Amino acid sequence: MVSVASDYICVGGNRHPAAADWDVQSGVLAFGADNNVALWDPKDTFQRGVYSLLVGHTDKVNAVRFYTCPITDTKFLVTASADRTVRIWRAVTGNNSHFTLAQTLEGHTGSVNILAVSDGADIIVSGAADGSVKVWRIRAQGEVAKGELLKTITMTPRLFPLALALKPLQTDGPMVLAVAGTANIVQIYVTENARGNLDFKIAAVLSGHEAWVRSLSFTWDKQSQTGDLLLASASQDKYIRLWRLQRGEVTLAPPEGDKDPVLGGLEPTLSNKAHQFHAAGLKYSVTFEALLFGNEDWIYTAAWNPSPERQQLLSASADNTLTIWEQDAVSGVWVSAERMGEISVQKGSTTATGSTGGFWIGLWSPDGKQVVSLGRTGSWRAWSYDANVDVWVQTLGISGHVRSVNGVRWEPTGGYLLSTSADQTTRLHAQWLRGEKQSWHEFSRPQIHGYDLNCVDTLGPARFVSGADEKLLRVFSEPKPIAKLLENLSAFKQSTETELPDTAQIPVLGLSNQSMGEEAPLGEEAKAADVRQSQANQAILSGSERPPLEDQLARYTLWPEHEKLYGHGYEISAVAVSHDRTVIATACKASSIDHAVVRLYDTSDWHEIRPSLAAHSLTITSLSFSRDDLYLLSVGRDRQWAVFRRSEQNTSTFSLMASHPKGHSRMILDAAWAPVQETHTFATAGRDKLVKLWQMAEGSFVCKATINLKSSVTAISFLPQVRMGSLFLATGEDSGEISLYKLAADSLEATHLGNIDKLSSPSKSITQLAWRPTEKDEINQDEYSLKLAVASEDTSTRIYAVSNMVS
């Protein structure tokens, strides 16, 4: 029986400050990735990245929290989404790194944006855009979890909760809940006792911030003898405020007005006030403790170090920095002990020139010796603390697309994989080989664009062409440092005849990747220094012993643009390159016959081959050249397919050979040629839930077989070789389902080999499938796993290892 294993899952994180959590016990980091939840072990020695995606939510995941039931000691993962639900995932028995859905909590009428949990408490708290906070009691019952709504707190004054923090005021004591959001106040709610009556009542309103509060975090004060709590509140006013919750009544000395050396009578927001409240028969006080300043932009998250040894606060800000704050041992003043990220080097620079667009999440590892941050590009950066030299060193993180992945293509020998996305980037993925260890990583970001990208195809090992929403195609050439890096780390040696260029840089406000010349114009010392710096960085890159870090990917791995191909009037919808790499065929979105044409370009001098090929009346959705390049197949939204034959006298001209105006009863979404040249055969996939197999007969093509599927078929791909007299076809559906079929090479009779397990399949429509090209002698099927690359609208790029197909 065919067996399928997930080899690589590449996905970017959601830009929401609450959308990630790092589990103390298992070391698993869970984060929202579109409407899925990604699981990653940052300390995995194999560095395989995301190892699983939890599928269930129907909209973006906004909040993620790990929670351990205090009664049964069961591990849960709690997730909240814009689909207005909270889902509870239970750890698989005996394996705390895999989870299954146990319960869905419904009740909110708006997007759920924030969650809070606390050790030792059997409650979770959720806050939503309906202006309410709900308190739920969670109980583990066998394989399911029972969730019971205890209380709904309606926010007054009306605000949307964006930050929650929950903690017992003392061991087994009453609970305290801090709530903040789209206002400049922090509200404190307390319960009368710990277990029975969890009726939260408002106890204090803390004022002082001057903008929305984005993050709240409690910790026990390690310097306190009486078990005081510290609350950190981070705000869009660029400040973090610390508040102290302590037992008993606090009397504050009145400020001395103008004589106060700190305030000088100028800063009324720093004035202190003790808020008193009662809980479980005891009196408590909340006072303002400290103001942490130094950030230049909004602060999204603040988190306390979980290590019992050090009292440190980690903040992530839109100014591209992660800051670790510590209390000075002598003065007691909170100071910035360490800053990571970018210290505002290029103000106002675009993401193309390396600006990250801010850090949205900052998290501590369970031992407090590693920190990670999520940036605007959806990539995770990591830093580890080196105690020997007392510095934080950047280590390898993970990256991925943050919007629909629209295309995947293998390099012609399978050396690397290109993916392109509506997040306006094209990325290169390759295997990092080091002895027994193998893992897939992003090795280059060849294209960072200003338009959503729709399609991509390779022009040999060192060049590719991509099409976007900008009506033209761009051709890129691989730079020397990337070729060297792939050779060193992936054992991918390129036999290119031409000299490779340097890596590119994008001028500010520019769209074209420009190759960096050796000589800078006279009088431009700054520019010359910039070029020298970039060349030094590229030298480091080519000699690197690991895949590039996120800041290197964003700045130093761009490919220079070789050519632009003009001609289309609307957004590019499809591109295909002939196997001999002499012709590029492209199509654009069209609602009339005038634009529904295939344009051809000659790769020797990049001129357009006229006339363009007409047959369709609506958008062409897919183009494909036959294995011998004799035929070009096009399919479209007008339900028809057309085959154009290449002229034997003039190999750059094609003419219409056959077309079928009603190939399917609904639009055709994809097409692919089978790897048989004697009997030219192709498959078409349609919105009518059918895959049709067509074979050449008497100057045209006839339908020889039909495969029925459950939903619209959006992508198909043939294995590039005939094996044991059989063809192998992968189909992808609108539902995210992927099926594998074996076809008899002569009769095209189809046998269903199996489906990829629903739990490890994408959760949205499959946009493209691509089998990895393999060498002819790698035919020993038992030992060699075939690789299938999958692009999906759920923002994931995946590679599956498939074996035992030939049995």
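Keep in mind it's a predicted model, so treat the numbers as computed, not measured.
L786 is listed as a side-chain neighbour of R723, based on a closest heavy-atom distance under 4.5 Å. In this structure the side chain of K60 never reaches within 4.5 angstrom of the side chain of R15, judged on heavy atoms. Taking the side chain as every heavy atom from C-beta outward, V577 and T603 never approach each other to under 4.5 Å. In this structure, the side chains of K710 and S735 stay at 4.5 Å or more apart for every pair of heavy atoms. Within the 4.5 Å cutoff, no side-chain heavy atoms of L656 are placed close to those of L613. Inter-residue side-chain proximity for Y800 and I738 is flagged as met; some heavy-atom pair is nearer than 4.5 Å. Two residues are said to be in side-chain contact when any heavy atoms from C-beta on lie closer than 4.5 Å; P547 and W432 meet this criterion. Between V402 and T795 there is no side-chain heavy-atom pair separated by less than 4.5 Å.
Looking at S763 and N36, their side chains do bring a donor and an acceptor atom within 3.5 Å of each other. Donor-acceptor pairing under 3.5 Å is lacking for the side chains of S490 and Q431. In the model, D670 has a side-chain atom that pairs as donor or acceptor with a side-chain atom of S622 under 3.5 Å. In summary, the side chains of D734 and S765 do present a donor paired with an acceptor at a separation below 3.5 Å, with no hydrogens or angles considered. Of the N and O atoms on the side chains of S700 and E698, not one donor lies less than 3.5 Å from an acceptor on the other residue. No hydrogens or angles considered: a donor-acceptor pair under 3.5 Å links the side chains of T684 and H664. With hydrogens and angles left out, the side-chain atoms of Q721 and T774 include a donor and acceptor closer than 3.5 Å. For the residue pair H680 / Y631, no side-chain donor-acceptor distance below 3.5 Å is found, with atom types taken as modelled.
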* Determine, stepwise, if the pair S739 / N755 fulfils side chain to side chain donor-acceptor pair (under 3.5 Å). => CA-CA 4 Å; S739 313; N755 288 14; 3.3 Å; yes
* To do: Please test T582 against T651 for side-chain contact (heavy atoms from CB on, under 4.5 Å), starting from the C-alpha separation and ending with a verdict.
  => CA-CA 9 Å; T582 59; T651 54; over 6 Å; no
* Start with the C-alpha gap between E737 and S711, add the side-chain angles, then the distance that decides, and say whether side-chain contact (heavy atoms from CB on, under 4.5 Å) holds. => CA-CA 9 Å; E737 198 148 314; S711 59; 5.9 Å; no
* Apply side-chain contact (heavy atoms from CB on, under 4.5 Å) to the pair S652 and L600, showing each step before the final yes or no. => CA-CA 9 Å; S652 64; L600 302 176; over 6 Å; no
* Derivation of the salt bridge (charged side-chain N to carboxylate O under 4.0 Å, His left out) call for K480 and E487 -> CA-CA 11 Å; K480 279 182 286 201; E487 191 179 322; over 6 Å; no
* Would you please test S444 and E478 for side-chain contact (heavy atoms from CB on, under 4.5 Å) and show each step? => CA-CA 10 Å; S444 172; E478 184 182 36; over 6 Å; no
* To do: Start with the C-alpha gap between T413 and E411, add the side-chain angles, then the distance that decides, and say whether side chain to side chain donor-acceptor pair (under 3.5 Å) holds.
  => CA-CA 6 Å; T413 62; E411 182 275 330; 2.5 Å; yes
* Yes or no on side chain to side chain donor-acceptor pair (under 3.5 Å) for H57 and N35, after CA distance, side-chain angles and deciding distance? -> CA-CA 5 Å; H57 283 293; N35 58 327; over 6 Å; no
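Using a cutoff of 4.0 Å between basic side-chain nitrogens and carboxylate oxygens, R599 and E608 are scored as salt-bridged. Taking the charged nitrogens against the carboxylate oxygens, E561 and R474 do have a contact shorter than 4.0 Å, which makes a salt bridge. Salt bridge status for R772 with D7: absent, with no side-chain N to carboxylate O gap under 4.0 Å.
Other residues, nucleotides and ligands contribute only 12 or fewer heavy atoms inside 6.0 Å of the CD1 atom of I593. Within 6.0 Å of NZ on K758 lie more than 12 heavy atoms contributed by other residues, nucleotides or ligands. Within a 6.0 Å radius of CZ in R646, more than 12 heavy atoms belonging to other residues, nucleotides or ligands are found. Crowding of Q677 atom CD: a count of heavy atoms from other residues, nucleotides or ligands under 6.0 Å exceeding 12.
The side-chain contact (heavy atoms from CB on, under 4.5 Å) with S419 is formed by just one residue from the set V790, L428, V408, V456; it is V408. For the pairing with R403, the salt bridge (Lys or Arg N to Asp or Glu O under 4.0 Å) check across D423, D794, D452 returns one residue only, D452.
A donor-acceptor contact shorter than 3.5 Å links the side chain of W771 to the backbone of S717. With T653 contributing its side chain and N650 its backbone, the two residues share a donor-acceptor pair below 3.5 Å. Checked by atom type and distance alone, the side chain of N454 pairs as donor or acceptor with a backbone atom of I572 at under 3.5 Å. Side chain of T621 to backbone of R637: no donor-acceptor contact under 3.5 angstrom is found. Between the side chain of S792 and the main chain of S796, no donor-acceptor pair closer than 3.5 Å is present. A donor-acceptor distance shorter than 3.5 angstrom exists from the side chain of K692 to the backbone of G663, with no hydrogens or angles considered. When atom types are taken as modelled, the side chain of T619 and the backbone of A590 share a donor-acceptor pair closer than 3.5 angstrom.
Between W440 and W410, the ring-plane angle classifies as perpendicular under the 30° and 60° cut-offs. Between H752 and Y741, the ring planes lie tilted relative to each other; the angle falls in the 30° to 60° range. In this structure, Y451 and H449 have tilted ring planes: the angle between them lies in the 30° to 60° band.
Between F625 atom CZ and L630 atom CG the span is 11.5 Å, to the nearest 0.5 Å. Taken to the nearest 0.5 Å, the NE2 atom of H660 stands 9.0 Å off from the CD1 atom of I668. One distance of note links OG1 of T458 with CZ of R463; it measures 12.5 Å at 0.5 Å rounding. Expressed to the nearest 0.5 Å, how far CG of L740 lies from OG1 of T731 amounts to 7.5 Å. A distance of 9.5 Å separates OG1 in T58 from NZ in K764, rounded to the nearest 0.5 Å.
Scanning both residues, Q640 and A615, for their nearest heavy atoms gives NE2-O, 2.5 Å. A pairwise comparison of heavy atoms in A468 and L453 identifies CB-CD2, 3.7 Å as the closest pair.
Ring centroids of F464 and W559 are separated by less than 6.0 Å, placing the two rings close together. A centroid separation of less than 6.0 Å is found between the aromatic rings of F492 and Y416.
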